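Below: one structure, written as structure tokens.
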Amino acid sequence: MDRYSFLNAAHTAFFAELYDQYLESPDSVEPSWRAFFQGFDFANEFSDGPVERLSQAYTSPTSNASVNNSGQLEQVQKEFAVLRLIDAYRTYGHLLTKTNPVRDRKVEHPDLSLEKFGLSQADMNVSFEAAKTIQLPTSTLSQILAQLEKVYCSTLGIEYKYITDEKAVNWIQNHYEAPEARFNSEEKKEILHKLIEAVSFENFLNTKYVGQKRFSLEGLEAAIPAMDFLMDSAATKGVEEIVVGMAHRGRLNVLANVFKKPAREIFSEFDGKDYDTEEGFDGDVKYHLGLTSTRKTRTGKEIQVNLTPNPSHLETVGAVIEGISRAKQDTVFAANPAKVLPIALHGDAAISGQGIVYEIVQMAQLRGYKTEGTIHIVLNNQVGFTTNYTDGRSSTYSTDISKVTGCPVLHVNADDTEAAVRAFLFALDYRMEFGRDVFIDMVGYRKYGHNEGDEPKFTQPILYKLIAKHPNARNIYNARLLEDKVVDDNFVTSLEQQYKGALEEDLEISRKNEFAKIRTFMEENWEGFKLAGAQEMLADYDTKVSKEVLTDIANVITELPGDKKFINKVKRLIGDRQAMFFEKDKLDWAMGELLAYGSLLTEGYDVRMSGQDVERGTFSHRHAVVKTEDTEESIILLNQLKNQKGQMRIFNSLLAEYAVLGFEYGYALTNPNTLTIWEAQFGDFSNGAQIMMDQYISAAEDKWTSQNGIVMLLPHGYENQGAEHSSARLERYLQLCAEHNMFVANCTTPANFFHLMRRQMVTNFRKPLIVMSPKSLLRHPSAVSSISEFTDGKFQFVIDDNGVEAKDVKSLVFCSGKFYYDLVAKREELGRKDIAFVRIEQLFPLPIEQMKEVIAKYSNADDYVWAQEEPKNMGAYGHMLMNFHEKPLRYAGTKAYSAPASGSSTRSKKRYAYAIAKVFDKNL
């Protein structure tokens with residue numbers, strides 16, 4: 001469209017000459033012309049703008065006609081004034097929208113008066129060509145204003161002018177300002193039908209389960225038809241899977257009326273029935289459960305929809321759905337990743353108040369985490385538990401986080417159901433067009449308190465007086481359709497009775513069932529895998545690899561491409577690896593790790609690793625990615641293996657832990673055939689992701705029957721680097737261990753780490769694995785393994801001491817990790833032969849039977865010791881006391897401290913020396 005066609009009537013040679021003069025010396029131009037050209041520059045947004053056309057006209061031989069200077073100037077100035085007015089509505093119109101259904105908005109209104117733009121009431125009936133910029137024919141100012149009010153200031157508004165992508169801005173304007181596509185009668189009936197279901201479901205629960213928590217959707221029921229239409233439209237546009245994350249508000253309604261979870265199962269959950277399973281599965285409250293189902297659209301297409309289980313930590317699931325989506329995009333939909341659509345439903349207080357949302361938003365366009373755009377839907381009920389929104393955020397909108405990455409935001413009144421549906425469909429179109437996030441702020445209310453037993457008038461008495469008198473969205477929309485003669489009086493009554501009848505039937509069936517049904521989220525992804533107990537976790541598995549395979553891998557990862565330049569340190573490092581494998585037969589930690597990954601890749605497994613600086617490794621040890629010197633090209637040698645069947649994906653993460661670990665958890669939840677690893681920069685940095693550990697990793701199998709093979713590598717070891725760079729807080733993970741929920745290991749050799757990583761994939765079950773990975777052992781001369789330990793060995797739960805004679809041993813010391821090497825060094829220094837050091841490589845499940853076998857071997861021992869480098873109240877000591885009862889264990893280590901280590905290296909060394917001394921002298 002030619003946005004400046006109104007200039008075609010002007011004789012532009014005169015304008016161009018004056019404009020050149022203005023550019024050279026603005027003050028030399030008469031003030032009214034100077035003001036005109038300032039507005040002219042403001043409006044010149046596009047490459048094919050009026051400046052170019054004026055220049056063309058100026059050089060044209062036919063452009064010598066005279067012009068009525070003053071009349072032409074005034075008309076053109078007014079045209080540009082209208083353009084500025086239009087731009088102001090595009091920028092600020094959202095502040096004037098009627099999006100709050102129950103009270104007036106409390107925002108500072110922008111000044112969009114005519115006078116501000118050099119216009120007046122006298123111009124209302126003047127026609128302006130500028131109308132064409134908002135897809136109107138030449139129209140009066142009155143008509144232009146009416147269109148701007150309708151488009152930008154009604155029950156649906158949009159923020160987008162901060163977006164820096166000109167193509168996206170133009171697309172939004174063209175689509176948003178286009179003549180409104182009206183819903184036909186059948187679509188309107190379907191919208192009303194879904195509203196009837198949404199309202200009737202809540203009313204039914206309120207009648208049958210009075211006072212029970214259900215976190216109803218009442219006040220935001222428009223979300224049900226909007227989600228319904230969004231999913232149907234997504235299927236039409238080629239989306240094959242949708243991954244949804246949402247908190248508890250409205251979750252049961254979404255499960256029943258969007259995901260089609262049988263109501264009888266929900267009723268059984270309301271009745272609090274037990275599960276028809278053995279102990280070991282405890283389940284979760286009904287509004288935390290997930291569901292995977294196949295949805296058939298109204299046009300006959302099928303689309304898989306997934307509602308991800310989540311805890312009461314409201315925004316955690318946002319990171320998880322991104323990982324789930326990326327896993328599907330990397331594997332099933334690699335050719336067209338947009339076929340997987342993540343949708344995150346937020347509460348207004350949560351999205352603005354919880355920091356993980358910022359982390360997730362910052363991940364949205366990063367190569368290791370992007371998912372081709374997420375639709376974020378805020379179910380805005382204007383209250384956070386009991387907190388007013390004015391105390392819950394400093395920003396104007398709860399969705400202002402969207403501006404971080406330049407995402408558009410649609411604001412919509414939840415009472416206008418058609419506007420809500422249009423908003424959802426517009427968001428889908430934008431996502432499919434640009435592969436970027438888009439936000440919807442659906443403003444409604446919460447009919448009851450935080451839960452159905454809460455009294456909201458304690459804190460919002462005025463608001464809840466208004467809500468009590470407010471009609472629901474179904475009645476509002478029904479009245480509208482009755483007025484338009486789309487439906488008759490019997491339409492709602494008939495559908496309502498039909499739906500309630502079905503609910504009554506489901507309730508009757510559920511009452512006959514003794515147990516609640518268990519549904520596993522994404523169960524089809526886990527065919528062939530079983531839920532395992534401690535017996536399987538303590539079994540031996542064949543993790544060895546042939547010398548031939550290892551040699552093939554070593555050949556690739558110890559040779560740089562000859563046609564590329566690398567810095568000398570990289571050349572030397574790769575050369576050292578070649579020597580350790582092919583000459584010295586002493587493989588260090590990094591070599592053992594890379595061989596583990598390479599062996600899995602040759603067997604058809606994928607490997608994905610992310611975390612801060614994982615590509616080269618925080619301690620510059622891994623170098624899984626090497627960079628060329630001249631172009632910084634990234635080369636992953638492990639992706640050049642001769643018999644490679646899997647893919648190595650490794651990414652340096654953003655400087656965040658919470659969302660990144662949640663993402664990787666979601667990735668592992670979806671793809672059991674990928675070894676998915678998150679590595680902390682230092683072990684205790686996992687503190688920032690503790691919620692993911694507590695609510696998902698350690699408990700998801702027990703709550704949701706969800707298996708997960710996520711690996712957490714947490715650098716751990718006391719090297720006199722202060723409190724934050726010593727302990728990975730081993731004690732916290734051991735405290736979370738129970739029955740058969742996860743592995744916790746603290747290995748001491750590259751070969752044992754190799755077998756540990758391989759065991760994670762070769763079993764027919766998946767458990768999270770927490771590894772206290774080393775720092776000083778990465779280059780410790782004793783922490784090496786021979787090739788035979790990889791080709792002939794297996795994971796060793798316990799490693800006995802081969803440096804002493806069993807008959808001579810009086811003190812039998814159990815320990816784990818790097819502390820072992822320091823104890824052995826001290827024994828050699830003292831020349832002691834009466835003390836043995838036994839390494840417990842897996843701390844959970846604790847290999848008690850193997851420990852008993854070791855104890856039996858040392859028949860002359862009378863002193864049994866647990867030795868650790870951590871303070872007494874930390875580390876594994878408490879875990880050993882609680883789980884190992886074969887012998888009383890003498891504690892050898894430092895006393896209890898509040899901080900993991902001293903910041904003084906001198907003091908730290910003294911404490912460490914004392915801990916070692918206690919091992920050798922039981923009288924200390």
Side-chain angles (χ1 to χ4, degrees), residues 94-109 155 157 195 198-224 246-253 285 287 312 314-315 345-354 377-400 411-417 419-420 441-477 479:
H94 61 90
L95 295 172
L96 299 172
T97 52
K98 306 167 187 67
T99 51
N100 197 321
V102 290
R103 55 184 170 184
D104 292 334
R105 296 186 57 186
K106 294 181 179 179
V107 297
E108 185 176 340
H109 287 182
T155 54
L195 277 177
V199 172
S200 298
F201 180 78
E202 299 293 356
N203 288 341
F204 190 86
L205 293 181
N206 193 41
T207 302
K208 302 296 182 179
Y209 298 99
V210 179
Q212 276 209 46
K213 288 182 183 180
R214 69 178 193 274
F215 300 100
S216 85
L217 192 61
E218 289 161 284
L220 287 158
E221 295 97 333
I224 298 301
M246 70 178 297
H248 47 258
R249 177 70 56 201
R251 188 182 187 90
L252 296 178
N253 210 316
V285 291
Y287 38 78
S312 285
L314 307 179
E315 293 293 342
L345 282 82
H346 313 265
D348 53 310
I351 192 174
S352 57
Q354 296 188 16
I377 301 163
V378 178
L379 300 177
N380 187 341
N381 60 36
Q382 308 184 59
V383 183
F385 203 154
T386 68
T387 304
N388 286 317
Y389 73 90
T390 50
D391 291 325
R393 64 176 185 265
S394 297
S395 57
T396 300
Y397 295 112
S398 63
T399 51
D400 281 348
H411 302 278
V412 62
N413 189 319
D415 273 0
D416 188 343
T417 308
D441 176 22
M442 192 165 77
V443 185
Y445 54 91
R446 189 183 67 191
K447 185 175 180 180
Y448 303 104
H450 176 67
N451 60 65
E452 285 64 34
D454 181 42
E455 175 51 80
K457 289 183 180 177
F458 284 147
T459 43
Q460 285 87 21
I462 296 175
L463 173 62
Y464 274 87
K465 283 180 183 178
L466 295 171
I467 290 172
K469 300 173 184 176
H470 197 76
N472 64 42
R474 179 202 60 190
N475 292 342
I476 292 171
Y477 192 56

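Counting from 1, the numbers follow the sequence of the chain as shown. Worth knowing before you read on, the calculation uses all heavy atoms, side chains too, and leaves out hydrogens, waters and symmetry mates. If you're wondering where the values come from, they're calculated on a predicted model, not measured in any experiment.
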Task: Heavy-atom side-chain contact between N472 and K447 under 4.5 Å - done: no
TODO: Measure the spacing between OG1 of T97 and CG of N413 and express it to the nearest 0.5 Å.
DONE: 8.5 Å
Task: Any side-chain heavy-atom pair of H450 and R249 under 4.5 Å - done: yes
- [ ] Could you pull out the closest heavy-atom pair between A414 and L220, with the gap in Å?
- [x] CB-CD2, 3.9 Å
- [ ] Spell out, as yes or no, whether a donor-acceptor pair under 3.5 Å connects the side chain of E452 to the backbone of S216.
- [x] yes
TODO: Search all heavy atoms of Y448 against all heavy atoms of P456 and return the closest pair with its distance.
DONE: C-CG, 4.1 Å
Task: Greater than 12 external heavy atoms within 6.0 Å of K213's NZ - done: no
TODO: Looking only at non-hydrogen atoms, find the nearest pair between D454 and G449 and report the distance.
DONE: OD2-CA, 3.5 Å
Open item on the list: Is there a side-chain contact between L379 and M442 in this structure, where contact means two heavy atoms from C-beta onward sitting under 4.5 Å apart?
Closed with: yes
Open item on the list: Quick check: do T155 and D415 have side-chain heavy atoms less than 4.5 Å from each other?
Closed with: no
Open item on the list: Side chains of M246 and I377, heavy atoms from C-beta outward: is any pair under 4.5 Å?
Closed with: no
Open item on the list: With heavy-atom distances below 4.5 Å as the criterion, would you say the side chains of N206 and R214 are in contact?
Closed with: yes
- [ ] Check the angle between the aromatic planes of F215 and H248 and answer parallel, tilted or perpendicular using the 30° and 60° thresholds.
- [x] tilted
- [ ] Provide the closest heavy-atom pair for D441 versus S398 in the form atom of the first, atom of the second, distance.
- [x] OD1-OG, 4.3 Å
TODO: Nearest 0.5 Å please: distance from the OG1 atom of T99 over to the CG atom of L96.
DONE: 10.5 Å
Open item on the list: Within this structure, what is the CZ-OG1 distance for the pair R474 and T417, rounded to the nearest 0.5 Å?
Closed with: 11.5 Å
Task: Test item: Y397 and H94 side chains (from C-beta on) under 4.5 Å apart, heavy atoms - done: yes
Task: Spatial distance of atom OH (Y445) from atom CG (N380) [nearest 0.5 Å] - done: 13.5 Å
Task: Separation of L95 CG from H411 NE2 (nearest 0.5 Å) - done: 8.0 Å
- [ ] Identify the two heavy atoms, one from G384 and one from A349, that lie closest to each other, and give their separation to 0.1 Å.
- [x] CA-CB, 3.6 Å
Open item on the list: In the structure I gave you, are the side-chain heavy atoms of F201 and L217 within less than 4.5 Å of one another anywhere?
Closed with: no
Task: Least distance between heavy atoms, S395 atom then D400 atom - done: CB-OD2, 3.2 Å
Task: Side-chain (Q460) to main-chain (T386) donor-acceptor, under 3.5 angstrom - done: yes
Open item on the list: Could you check whether any side-chain N or O of Q212 sits under 3.5 Å from a backbone N or O of V210, counting only pairs where one atom can act as donor and the other as acceptor?
Closed with: no
Open item on the list: Would the distance check show the side chain of R446 and the main-chain N or O of F385 forming a donor-acceptor pair, the cut-off being under 3.5 Å?
Closed with: yes
- [ ] Check whether the side chains of Q382 and D348 place a donor and an acceptor atom closer than 3.5 Å, and report yes or no.
- [x] no
Open item on the list: To the closest 0.5 Å, what do you measure between NE2 (H470) and CG (L463)?
Closed with: 11.0 Å
- [ ] Would you please test I351 and E315 for side-chain contact (heavy atoms from CB on, under 4.5 Å) and show each step?
- [x] CA-CA 7 Å; I351 192 174; E315 293 293 342; 4.2 Å; yes
